[in-house]
Amino acid sequence: MSLTAGVVAVQGDVEEHAAAIERAATAHGHEVTVHEIRDAGVVPDCDLLAMPGGESTTISRLLHSDGIAPEIEAHVAAGKPLLATCAGLIVASSDAGDDRVDELGLLDASVERNAFGRQKDSFEAPLEVSGLEDPYPAVFIRAPAIDSVGDAEVLATWDGRPVAVRDGPVVGTAFHPELTPDSRIHGLAFFENEAAAVPRLEESA
């Protein structure tokens, strides 16, 4: 079954996310067409959506100025899945801890920017992730941490702090799942989330 995916392309590892979505779709028996989103009008046609990292204040500003923010909010309100990573997690949160970020409020969680250090403090860690059988090789780069969660479900922790959460159709990670050939996080967010409204293979039979 063919799906349409979008990667918010105002900043971040856009091509890497697109490739990971394609791998995850193939692993789950789907075909997918991936669009890079830089302008309003594309998100409404997407079944799946990824919001990469970058600089959270810049991402927030561009999403609102370009009219993409309300479309992402409508996407999630319709129950469609969103994967928000690193700075994308910050923008999707309910509290970014920074007045310069106009949060989308799609994840019932507050975050701390750069909680695990700056660029020089980047590291990889084997994470135990709820829903995955084997540890996930998570890449942390200027990573935020999740300070507190409301209704969101914690999927993984590192050093005693939540680093992956799920709130209905939204999955947020403090790490960069697109920077590894392991596409299981994208699979978990898009194809294994029962709270997300994704056309299933059995619906097309």
Minimum heavy-atom separation for [X] to [Y], with atom names?
{"X": "P144", "Y": "A174", "value": "O-CB, 3.0 Å"}
{"X": "D66", "Y": "R38", "value": "OD2-O, 3.9 Å"}
{"X": "S60", "Y": "V101", "value": "OG-C, 3.9 Å"}

Just so I know, are the side chains of D167 and E153 near enough to count as touching, which here means a heavy-atom distance under 4.5 Å? no
Can I get a per-line list of side-chain donor-acceptor pairs under 3.5 Å for residues 127-137, giving both atom names and the distance, sequence neighbours left out?
residue	atom	partner	partner atom	Å
Y136	OH	P177	O	3.2
Y136	OH	D182	O	2.9

Hey, are R161 and D159 close enough for a salt bridge, meaning a charged N less than 4.0 Å from a carboxylate O?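 No, this pair does not count.
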Between [X] and [Y], is there a donor-acceptor pair closer than 3.5 Å when you use the side chain of the first and the backbone of the second?
{"X": "D108", "Y": "D151", "answer": "yes"}
{"X": "H75", "Y": "P81", "answer": "yes"}
{"X": "K80", "Y": "C46", "answer": "yes"}

Taking salt bridge (Lys or Arg N to Asp or Glu O under 4.0 Å) as the cut-off, I'd like each qualifying pair that reaches into residues 52-65, sequence neighbours left out, listed once. E55-R113
Under a 3.5 Å threshold, yes or no: a donor from one side chain and an acceptor from the other, between S148 and S110?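 Present: a donor and an acceptor within the cut-off.
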Check: residues 14-22 side-chain donor-acceptor pairs under 3.5 Å, at least two apart:
residue	atom	partner	partner atom	Å
H17	ND1	H186	NE2	3.0
H17	NE2	T85	OG1	3.2
H17	NE2	E178	OE1	3.2

